[in-house]
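Per chain, numbering begins at 1; letters A, B, ... match sequence-line order.
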There are 2 protein chains.
Amino acid sequence: MLFPGSRIWDVRFIPLEPGSLSGASPERRDAARNRERLLEAARRLIEECGAHALTMDRLAETAGVGKGTVFRRFGSRAGLMVALLSDAEADFQGRFMFGPPPLGPGAPGLDRLIAFGAQRIAFVLEYGDLARAAEASGPNRFEVPAVVLWHRHIEYLLREEGMDADPWLMATSLSAALDPERLLHAVRVHGVTPERLADSWRELVTRVVRGG
Amino acid sequence: MLFPGSRIWDVRFIPLEPGSLSGASPERRDAARNRERLLEAARRLIEECGAHALTMDRLAETAGVGKGTVFRRFGSRAGLMVALLSDAEADFQGRFMFGPPPLGPGAPGLDRLIAFGAQRIAFVLEYGDLARAAEASGPNRFEVPAVVLWHRHIEYLLREEGMDADPWLMATSLSAALDPERLLHAVRVHGVTPERLADSWRELVTRVVRGG
DNA sequence: ACACTAAACGGACTACGGTCCGGATGTTAT
DNA sequence: ATAACATCCGGACCGTAGTCCGTTTAGTGT
């Protein structure tokens, strides 16, 4: 992580881990031990069989804990995936919020937008199914803290570039273009290269920003 | 339907109904009867309890058929939803392929793009959860014939407007902005009005087309 | 009418995500 | 050490999508 402690808010959204932000009571020791066991087992399972083979039952069995414990820790399958990506996500957040330009502050908004998309595309392609599974299904797919942060960041950069036409919705549309499921589909099914994805994103945001 | 017989290809993708396009052997009579029973039962259940309450077990029970029959007919829950929207979808296809401008041919590409988005937004908001559930999950979410057709239509209009920068991927990004899940989320959670959605789409495609 | 075949039927079965709650365990105060 | 309490644990349980396969039935040829 570039900036230790720079994690804006815990990317884990359910349950909010006690003591991770506030100074409240820390995790009980057995709980901490089980969390480590679970994360380790999850990484091993994914490495060996792929993310699609990671079922909550199998994970519980592999880690040697009860199934209830898995859900107590991570809330849902998506929550587990988010936890597995937590470090990488925090690093990404640190870089686009506080890192060097053009991704971080100091560069023009458009350049930062282009860099943001390129980095997000690289992130999604690197983590593949993991990144896709981390996008929760269900009602609050778009309320995950990390997702909200990306959206606000795009909106902020659009405003900085003088976007006057509903920057919030425009950010929503641009966010949609970075949806992991679509990116991975383009790459895996249609053989689109990562460079093409990044180029297309650059064209898209450039036209959106300049087109006004 | 504006143009009888104008349904480009059957919006039902699994299983391909024998005899719907080619002149092959038609449906057996018991199969046809059960299909009608199922569609009627599904419409009634959705009307009474909402789409979220439509489970395949309950549908089978209500229609008085076995569960296997439901899946034999429609392949999946998403396939059932697609079948329920089949007429509306065919009508929509007929209008943007052959109907009067600006949605249909005869208007400039940009105007057709704007109209297409506006109509698609209206469609999604009208059918709500039904439209959302009709987007299959699983691997071939983007291979549903109707989805492919929308994408090709957008790509075609982009090319017509002289888009030179990877029209295929640009169409993918624009399609993403019309994703039912995102549209419904914006409306239901954030109180965005349909007019705002349509305006934002107009801004988006205008900038994308003119920004080159 | 009858036999034959391909298609359709139905419901038991599996896999999976997620919930629940009685019992076990760690922490803390005395 | 002990008691009291909050937290955690585990695995039985539930609802749902989707599968499987033995049985039934609608069409067809004779």
Side-chain angles (χ1 to χ4, degrees), chain A residues 13-20 24-38 41-42 45 49-83 133-141, chain B residues 13-19 24-38 41-42 45 49-83 129 133-141:
Chain A
F13 55 106
I14 281 178
L16 192 55
E17 205 176 341
S20 64
S25 63
E27 225 173 12
R28 245 171 64 171
R29 209 172 297 154
D30 51 348
R33 185 202 57 200
N34 281 337
R35 197 191 57 227
E36 288 314 309
R37 275 192 193 170
L38 283 166
L45 280 175
C49 315
H52 67 280
L54 183 79
T55 72
M56 302 307 257
D57 288 276
R58 200 194 308 260
L59 174 60
E61 189 187 5
T62 305
V65 304
K67 192 177 180 181
T69 304
V70 184
F71 283 90
R72 163 173 291 274
R73 282 299 119 207
F74 304 109
S76 68
R77 191 178 132 94
L80 169 68
M81 301 303 186
V82 168
E135 303 260 307
S137 54
N140 34 9
R141 175 180 168 191
Chain B
F13 56 105
I14 282 178
L16 192 57
E17 203 176 341
S25 65
E27 224 174 15
R28 244 170 62 170
R29 210 172 294 152
D30 51 348
R33 185 200 58 202
N34 282 337
R35 197 192 59 228
E36 288 313 309
R37 275 191 193 170
L38 282 165
L45 281 175
C49 315
H52 67 280
L54 183 80
T55 72
M56 303 305 259
D57 288 275
R58 200 195 308 262
L59 173 59
E61 188 188 5
T62 304
V65 304
K67 192 177 179 181
T69 303
V70 184
F71 282 90
R72 163 173 291 272
R73 282 296 120 208
F74 304 108
S76 68
R77 191 179 131 94
L80 170 68
M81 301 303 186
V82 168
D129 296 301
E135 303 262 306
S137 54
N140 35 8
R141 175 180 166 190

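In this structure, the CD atom of B:Glu27 is 8 Å from the P atom of C:dA8, given to the nearest Å. Residue A:Phe71 contributes atom CZ, which lies 16 Å from atom P of D:dA12 at whole-angstrom precision. Rounded to a whole Å, the CE atom of B:Met81 is 11 Å from the P atom of D:dG18. Rounded to whole Å, atom P of D:dA17 lies 6 Å from atom CZ of B:Arg77. One interatomic measurement links the two molecules: NE2 of A:His52 to P of C:dA15, which rounds to 15 Å at whole-angstrom precision. Rounded to a whole Å, the CZ atom of A:Phe74 is 16 Å from the C1' atom of C:dG17. For the pair A:Leu38 CG and D:dC9 P, the interatomic distance rounds to 9 Å; values are reported in whole Å. Between the C1' atom of D:dG18 and the CG atom of B:Asn140 lies a distance of 14 Å, rounded to the nearest Å.
The side chain of B:Asp30 approaches C:dA8 more closely than any other nucleotide in the set C:dA8, C:dG17, D:dA17. Listed candidates were D:dC8, C:dG10, D:dA26. Nearest to the side chain of B:Thr69 is C:dG10.
Summary of the strand contacts: B:Ser137 and B:Arg33 both lie near DNA chain D, and taking for each the nucleotide with the nearest heavy atom, the more 5' one is attributed to B:Ser137.
Annotation: B:Glu61, atom CD; neighbour count of heavy atoms from other residues, nucleotides and ligands within 6.0 Å does not exceed 12.
Taking CZ of B:Arg37 as the reference point, atom OG1 of B:Thr69 lies at 10.0 Å (rounded to 0.5 Å). Expressed to the nearest 0.5 Å, how far CG of B:Leu45 lies from CG of B:Leu59 amounts to 6.5 Å.
A heavy atom lying under 4.0 Å from DNA chain D marks the following residues of residues 53-68 of chain A, by number: A:Val65, A:Gly66, A:Lys67, A:Gly68.
Between B:Glu27 and B:Arg73, at least one side-chain nitrogen of the basic residue sits less than 4.0 Å from a carboxylate oxygen of the acidic one, meeting the salt-bridge criterion.
A:Arg28 comes within 4.0 angstrom of a nucleotide base, judged by non-hydrogen atoms across all strands.
Distances shown here put a side-chain N or O of B:Asn34 below 4.0 Å from the OP1 or OP2 atom of C:dC9. Taking 4.0 angstrom as the limit, A:Arg35 places none of its side-chain polar atoms (N or O) nearer than this to OP1 or OP2 of D:dC8. In terms of phosphate contacts, B:Arg29 brings no side-chain nitrogen or oxygen within less than 4.0 Å of OP1 or OP2 of C:dA8.
Contact of the A:Leu80 side chain with the A:Leu38 side chain is not registered, since no non-hydrogen atoms from C-beta on lie closer than 4.5 Å.
A pairwise comparison of heavy atoms in B:Ala63 and B:Ala41 identifies CB-CB, 3.9 Å as the closest pair.
Not counting sequence neighbours, B:Arg58 has no partner by the side chain to side chain donor-acceptor pair (under 3.5 Å) test.
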